[in-house]
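Report on one structure; see the data block that follows.
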Amino acid sequence: FVYPAVHLGSFKQSRAPTPNKTHKGFIGALPAFGAGPAARPVVMPFNSPFDPVRRRMMLQSEKPKADRLYKGSFDCFFKVLQKEGLKGMYKGLLPEMFRGVGGSLVIVIYDRIKVIFNM
C-alpha cells in the first residue's frame with residue numbers, strides 16, 4: 001500500500017509544475033512520460049529493504065518447514081540485516097529501478113485517461 005501511494009504522490013508532485021498538463025494531446029502527455037519514470041527512483045530506496053525479504057520468503061516457501069532458514073518476515077529481515085548489514089537490504093536496487101518502467105507507464109496512462117475524460 002505504501003509503495004503505490006508514494007509513487008503516485010511523487011508522480012503528481014513532479015507533474016504539478018509542468019505546463020500543458022491538462023492538454024489532451026501529445027503536448028500534455030510528454031511531461032507525464034517524463035514524470036512517471038522520474039518518480040520511481042524517489043520511491044525505490046524506501047521500498048527496497050522489503051524486496052530482499054519478500055524474495056527470500058517466496059524462495060523458501062517451496063521448501064519443507066524443517067529446511068527453511070527463516071521463521072517469518074520479521075525473522076528474515078533481522079537475520080539479513082545482522083548477517084549482510086544494510087547493504088544486504090538494498091540488493092537488487094539498481095536493476096529494480098530500471099525494470100519498473102512498466103509500472104510508471106501505468107501511472108501515465110491513468111493520468112492521461114483522467115485528462116481525456118475530464119475526470
Side-chain angles (χ1 to χ4, degrees):
F1 293 114
V2 175
Y3 172 76
V6 177
H7 193 186
L8 186 59
S10 59
F11 168 76
K12 288 289 187 184
Q13 288 297 320
S14 62
R15 178 105 167 87
T18 59
N20 301 321
K21 63 183 168 212
T22 58
H23 191 274
K24 294 183 180 182
F26 180 74
I27 294 171
L30 195 59
F33 280 108
R40 187 160 173 85
V42 172
V43 181
M44 285 308 299
F46 300 106
N47 188 58
S48 188
F50 303 106
D51 275 348
V53 172
R54 179 181 55 86
R55 283 190 199 105
R56 290 173 191 219
M57 292 302 294
M58 285 174 21
L59 287 172
Q60 80 166 7
S61 67
E62 297 174 358
K63 295 179 180 179
K65 286 197 178 201
D67 294 340
R68 293 182 184 177
L69 296 172
Y70 312 110
K71 296 175 188 169
S73 297
F74 287 110
D75 183 48
C76 179
F77 181 86
F78 289 115
K79 281 184 178 176
V80 171
L81 194 60
Q82 185 181 25
K83 290 180 183 175
E84 300 177 37
L86 201 56
K87 187 177 179 182
M89 301 307 289
Y90 286 92
K91 277 187 175 176
L93 175 64
L94 194 61
E96 186 69 29
M97 281 189 175
F98 291 110
R99 193 180 73 175
V101 176
S104 299
L105 288 178
V106 170
I107 292 176
V108 171
I109 292 168
Y110 170 72
D111 181 65
R112 293 286 76 210
I113 289 171
K114 282 177 52 177
V115 169
I116 290 169
F117 292 109
N118 296 321
M119 298 169 79

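On a predicted model such as this, the values are computed, not experimentally measured, just so you know.
Atom CD of Q60 is separated from atom CZ of R55 by 15.0 Å, given to the nearest 0.5 angstrom. The structure places CZ of F117 at 12.0 Å from CZ of R112, a figure rounded to the nearest 0.5 Å. Note that the CG atom of L69 and the CG atom of L59 stand 10.5 Å from one another [nearest 0.5 Å]. Between the CE atom of M89 and the CZ atom of F77 there is a distance of 4.0 Å, given to the nearest 0.5 Å.
Grouping the Ile, Leu, Val, Met, Phe, Trp and Tyr side chains by contacts below 4.5 angstrom, directly or via other members, places F78 with V80. L86 and F46 are members of different hydrophobic clusters when ILVMFWY side chains are connected at heavy-atom separations under 4.5 Å. Residues Y110 and V115 do not share a hydrophobic cluster, clusters being chains of Ile/Leu/Val/Met/Phe/Trp/Tyr side chains in contact below 4.5 Å.
Residue pairs that meet the salt bridge (charged side-chain N to carboxylate O under 4.0 Å, His left out) test with at least one member in residues 57-81, sequence neighbours left out, are D75-K79.
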Taking distance alone, no hydrogens or angles, what donor-acceptor pairs closer than 3.5 Å link side-chain atoms of residues 25-36 to residues at least two apart or in another chain?
none

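The shortest heavy-atom contact between G88 and P52 is O-CG, 3.7 Å. Of all the heavy atoms in L93 and P45, the pair that sits closest is CD1-N, 4.3 Å. What you find for M57 and S73 is that their closest heavy atoms are CE-N, 3.9 Å.
Counting non-hydrogen atoms of neighbouring residues, nucleotides and ligands closer than 6.0 angstrom, the OH atom of Y70 exceeds 12 such neighbours.
Salt bridge D51/R54: present, at least one basic N to carboxylate O contact under 4.0 Å.
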